[in-house]
Amino acid sequence: MSTDRVLELEGVNVSYGKVQALRDIDLHVDPGEVVGVIGPNGAGKSTLSDTIAGFKPYDTGTVQFRGTEVSTLTPDKLTEDRVIYCTERRDLFGFMTVAENLRLGAYTNRDNLKDRLEFVYDLFPRLDERREQDARTLSGGEQQMLAIGRALMGSPEFLILDEPTIGLAPVIIDDITNALEQIQEEENVTILLCEQNVTFTFRHADRIYLLEKGSIAREGTAEALRQDKHVKDAYIG
Ligand code: ATP
């Protein structure tokens, strides 16, 4: 197993009681890559994100960050190592303001707090306009921007994004697209993007895994998968 890899999964099986959600998953992410995981509802994308982030224990197999098994790392240690997970649930603090939620994202590293805040406000001007608004009163799109913005406050080296476009209007997806492009260009963050939105994923990812019923059905470069008959017929249309 290469320790140069940011992330490597081998033979990972995960279940909820009798329901097996992930089967024999082999997956890796190298430094600087954006790796997409696509798949229909219930394929196991969120289970995969939760497993990688150490939220969901795995039955068998290995999940390693830079050569260290994730089950031996605490959430604090992962955050200190700049591994940041932006969940599908967003997990915002509803009764705290936009600015307070953002500051919390930098709780392990407050060195460049002011610069990070400016970076996030520049990325999402809607958050800038709403600094003092409670998170619970934001629109769905604004909440998603806040969740991504808070993740960026931790200066991630590796960012796990679970369904960042779920339930969002096309115009908001455009804002998230522009922000991700800026993050890729300016910050060189390694990203794992678990997404049902195939167009969005193909736009950002260097390599893609297709997850179906808990198993990896296809994997390859975005270019190769775009030409794959099964992917074209079932997901691109
Ligand atoms: P979606 O795109 O709809 O969010 P997904 O690809 O993220 O789907 P998961 O949410 O990971 O898929 O679900 C994978 C499978 O695991 C599904 O069959 C789901 O019902 C099951 N599952 C997920 N969470 C639990 C849970 N807490 N308890 C029992 N089964 C679960």
Side-chain angles (χ1 to χ4, degrees), residues 1-14 22-39 44-87 105-106 108-109 111-112 116 119 148 151-162 164 179-195 201-211 214-226 228:
M1 194 172 279
S2 165
T3 49
D4 292 340
R5 295 241 143 109
V6 176
L7 173 73
E8 186 151 27
L9 279 73
E10 281 187 353
V12 172
N13 288 283
V14 178
L22 294 178
R23 288 166 204 279
D24 209 19
I25 301 292
D26 292 339
L27 176 151
H28 70 269
V29 181
D30 286 331
E33 275 194 311
V34 178
V35 172
V37 178
I38 55 172
K45 300 180 297 299
S46 295
T47 302
L48 181 66
S49 303
D50 280 356
T51 304
I52 290 169
F55 285 25
K56 172 79 184 129
Y58 34 103
D59 304 333
T60 54
T62 58
V63 179
Q64 299 198 340
F65 280 109
R66 301 184 192 102
T68 305
E69 196 68 27
V70 72
S71 54
T72 68
L73 298 167
T74 60
D76 268 11
K77 175 76 177 118
L78 281 168
T79 313
E80 275 166 29
D81 287 350
R82 311 257 174 100
V83 175
I84 313 276
Y85 179 23
C86 188
T87 70
T108 54
N109 173 15
D111 291 351
N112 300 313
R116 294 306 295 168
F119 174 73
I148 296 174
L152 294 174
M153 289 299 293
S155 304
E157 283 180 13
F158 182 51
L159 180 61
I160 303 159
L161 286 174
D162 191 21
L180 260 195
E181 280 174 357
Q182 204 176 326
I183 296 163
Q184 285 173 248
E185 268 170 36
E186 293 180 19
E187 306 245 303
N188 192 33
V189 181
T190 304
I191 298 175
L192 182 73
L193 175 62
C194 296
E195 252 297 348
T201 310
F202 272 97
R203 175 153 187 174
H204 294 287
D206 304 308
R207 285 191 303 114
I208 292 180
Y209 292 84
L210 167 63
L211 201 55
S215 300
I216 305 281
R218 294 282 190 287
E219 65 174 283
T221 62
E223 212 33 62
L225 256 69
R226 215 189 279 277
D228 182 276

Scanning both residues in full, the closest heavy-atom pair of Ala222 with Ala205 reads CB-O, 3.4 Å
Ring pair (Phe, Tyr, Trp, His ring centres under 6.0 Å) pairs touching residues 60-85, sequence neighbours excluded, are Phe55-Tyr85, Phe65-Phe158
Those residues at least two apart in sequence (or on a different chain) that pass ring pair (Phe, Tyr, Trp, His ring centres under 6.0 Å) with His204 are Phe200
Looking only at heavy atoms, the pair that brings Pro164 and Cys194 closest together is CD-O, 4.0 Å
Could you tell me whether the side chain of Arg218 reaches within less than 4.5 Å of the side chain of Leu225, counting heavy atoms only? yes
Would you check if Val12 and Asp24 make a side-chain contact, meaning some heavy-atom pair closer than 4.5 Å? no
* Flag the pair Glu187 and Arg116 as a salt bridge only when some basic side-chain nitrogen lies within less than 4.0 angstrom of an acidic carboxylate oxygen. => yes
So NE2 of His28 and CD of Glu8: to nearest 0.5 Å the spacing works out to 7.0 Å
Q. Are Thr190 and Val29 close enough that some pair of their side-chain heavy atoms sits under 4.5 Å apart?
A. yes
The side chain to side chain contact (heavy atoms under 4.5 Å, CB included) partners of Ser71 (sequence neighbours excluded) come to Tyr58, Glu69
One should read off an interatomic distance between Ile25 CD1 and Leu9 CG, to the nearest 0.5 angstrom, of 8.0 Å
The side chain to side chain contact (heavy atoms under 4.5 Å, CB included) partners of Arg226 (sequence neighbours excluded) come to Phe202, Glu223, Ile236
Hits for salt bridge (charged side-chain N to carboxylate O under 4.0 Å, His left out) against Glu80, two or more places apart or cross-chain, chain-then-number order -> none
Applying side chain to side chain contact (heavy atoms under 4.5 Å, CB included) to Thr60 and not counting sequence neighbours gives Asn13
- Side-chain touch Leu192/Val34, heavy atoms, less than 4.5 angstrom: no
Across all chains, not counting sequence neighbours, the salt bridge (charged side-chain N to carboxylate O under 4.0 Å, His left out) partners of Arg203 are Glu181
So OH of Tyr209 and OG of Ser215: to nearest 0.5 Å the spacing works out to 14.5 Å
CD (Gln184) and CG (Asn188) are apart, to the nearest 0.5 Å, by 9.5 Å
Salt bridge (charged side-chain N to carboxylate O under 4.0 Å, His left out) filter on Asp26, not counting sequence neighbours, yields none
Taken to the nearest 0.5 Å, the spacing of Asp162 CG from Ser46 OG works out to 3.5 Å
Looking only at heavy atoms, the pair that brings Asp30 and Val6 closest together is C-CG2, 3.9 Å
Separation between CG (Leu159) and CG (Leu152), nearest 0.5 Å, reads 6.5 Å
Given side chain to side chain contact (heavy atoms under 4.5 Å, CB included), test Val63 with Thr51 step by step and report yes or no.
-> CA-CA 8 Å; Val63 179; Thr51 304; 4.3 Å; yes
By salt bridge (charged side-chain N to carboxylate O under 4.0 Å, His left out), Glu33 pairs with (sequence neighbours left out) Arg207
*State, with a plain yes or no, whether a side-chain heavy atom of Ile208 is found less than 4.5 Å away from one of Ile38.*
yes
Checklist entry - Can you tell if the side chain of Ile84 reaches within under 4.5 Å of the side chain of Ile160, non-hydrogen atoms only? => result no
Sequence neighbours excluded, the answer for side chain to side chain contact (heavy atoms under 4.5 Å, CB included) partners of Asp76 is Thr74, Tyr107
Residue pairs meeting salt bridge (Lys or Arg N to Asp or Glu O under 4.0 Å), one or both in residues 45-56, sequence neighbours left out, come to Lys45-Glu163, Asp50-Arg89
Practice problem: Test side chain to side chain contact (heavy atoms under 4.5 Å, CB included) on Leu7 and Leu27 and set out the steps. | Solution: CA-CA 8 Å; Leu7 173 73; Leu27 176 151; 4.0 Å; yes
| Would you say Ile191 and Leu161 make side-chain contact, with heavy atoms under 4.5 Å? | yes
For Glu186, the side-chain hydrogen bond (donor to acceptor under 3.5 Å, both in side chains) test, sequence neighbours excluded, returns Gln182
Considering only heavy atoms from C-beta outward, does the side chain of Val70 approach that of Ile52 to under 4.5 Å?
-> no
